[in-house]
Amino acid sequence: MIPWEQLGRATIPHQSGELVFSRRGDEFSIKLSGIRGELMNSRVFNSEQVLSQRGCAHIKDQDGASVLVGGLGMGYTLSEALKSVNSHASVTVAELIPEVVELNQGPLGQCAGYPLNDPRTTVYVGDVKTLLTSGKPTFDAILLDVDNGPEGLTQSANNWLYASEGLDAIFAVLRPKGMLAIWSAGPDHLFTVRLKKAGYRVHTEVVRARKGKGSRHTIFLAKKMA
Ligand SMILES: C[S@@+](CC[C@H](N)C(=O)[O-])C[C@H]1O[C@@H](n2cnc3c(N)ncnc32)[C@H](O)[C@@H]1O
């Protein structure tokens, strides 16, 4: 058996934890120090792809469509977003940790087919919050996979995203009929209630971690109707 080899570590801004990147042949892993299990494994990505497919379904053929992906990780959501829109669309990916971007420009990029090299991709290295607080309707789809669900995992500052303040800010930067899609490890009834209160029409979908098997994840699909 090929042993795991550590590719690097990265500190998480404003947090004591670290991300640990490892590789075993063509398999990659991202772990959060102090948490059991993996944040991501390169062999498990079905629900990350479905997040983009559902979140971008309404803009498939729309010239000039603008998509924001929150959290680069191993690039599966970004790569699928690029496949889900046409050649005149643009996709911005916000990633908090510079080392994640650097690794995706290098060895990690092979997982999802080097989506950072696509000319439609723009990378923002920093907190996705910055792009969600402009108050200007900018995005037709916002795809968020920065935590394990609607509570801050990678960094507690992310809790803001899932509270009414964050949901209102996101509503403001979505264009009319825009879609907010959020990945979650499981259902969260109270979060659905908060989304509805913020004015979204909400639908949830249960998606397996691997095609047809594995854990059941939840995708929240929250549409801005006006
Ligand atoms: C679970 S991974 C995303 C996986 C990704 N969907 C994929 O397909 O590979 C979460 C990522 O979000 C990033 N992240 C966490 N909080 C963030 C924030 N506030 N702004 C931008 N990126 C963030 C983490 O550094 C990590 O790379």
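When reading the values below, keep in mind they use all heavy atoms of this one structure, side chains included, and skip hydrogens, waters and symmetry mates. It should be emphasised that the depicted structure is a prediction, and the values quoted were computed from it without experimental measurement. Numbering of ligands and ligand atoms starts at 1, following listing order.
For Phe21 and Phe28, the ring centers are positioned 6.0 Å apart or more.
Between the side chain of His88 and the backbone N or O of Asp61 there is no donor-acceptor pair closer than 3.5 Å. Of the possible donor and acceptor atoms, one in the side chain of Asn46 sits under 3.5 Å from a partner among the backbone N and O of Arg208.
Using a non-hydrogen distance threshold of 4.0 Å, Gly126 registers as a contact of ligand 1. Assignment of Ala94 to the shell around ligand 1 is supported, since a heavy atom sits closer than 4.0 Å. For the ligand labelled ligand 1, residue Lys129 lies outside the 4.0 Å heavy-atom shell.
For the pair Tyr76 and Asp145, the minimum side-chain heavy-atom distance is 4.5 Å or more.
Residue contacts with ligand 1, taken as heavy atom pairs separated by less than 4.0 Å, involve Glu48 solely via side-chain atoms from C-beta onward. The proximity of Leu72 to ligand 1, defined as any non-hydrogen pair under 4.0 Å, is limited to the backbone.
Interface atoms of ligand 1 facing Met74, defined by a heavy-atom separation under 4.0 Å, are 7 (C), 9 (O). Near Asn158, with a cut-off below 4.0 Å to any heavy atom, the atoms of ligand 1 are 15 (C), 16 (N), 17 (C), 18 (C), 19 (N). Interface atoms of ligand 1 facing Gly75, defined by a heavy-atom separation under 4.0 Å, are 7 (C), 9 (O).
With atom 12 (O) of ligand 1 as the reference point, the heavy atom nearest to it among Ser52, Gly70, Gly71 is part of Gly71. Around atom 1 (C) of ligand 1, the closest heavy atom drawn from Asp145, Val101, Asp127 belongs to Asp145. The residue from Asn148, Leu39, Val125, Val146 that puts a heavy atom closest to atom 14 (N) of ligand 1 is Val146.
Checking Asp147 against Asn158 by side-chain atom types alone, a donor-acceptor pair falls below 3.5 Å. With no hydrogens or angles considered, no side-chain donor-acceptor pair links Asn104 and Tyr114 at under 3.5 Å. Using a 3.5 Å distance cut-off with no hydrogens or angles, the side chains of Ser29 and Trp4 do not pair a donor with an acceptor.
Atom CZ of Arg216 has 12 or fewer neighbouring heavy atoms from other residues, nucleotides or ligands inside a 6.0 Å radius.
Remark: ligand 1 and Val100 share no N or O pair separated by less than 3.5 Å (distance only, no angle test). Considering backbone and side-chain N/O atoms, Ile97 never comes within less than 3.5 Å of an N/O atom of ligand 1.
The CZ atom of Arg120 lies 9.5 Å from the OG atom of Ser90; values are rounded to the nearest 0.5 Å.
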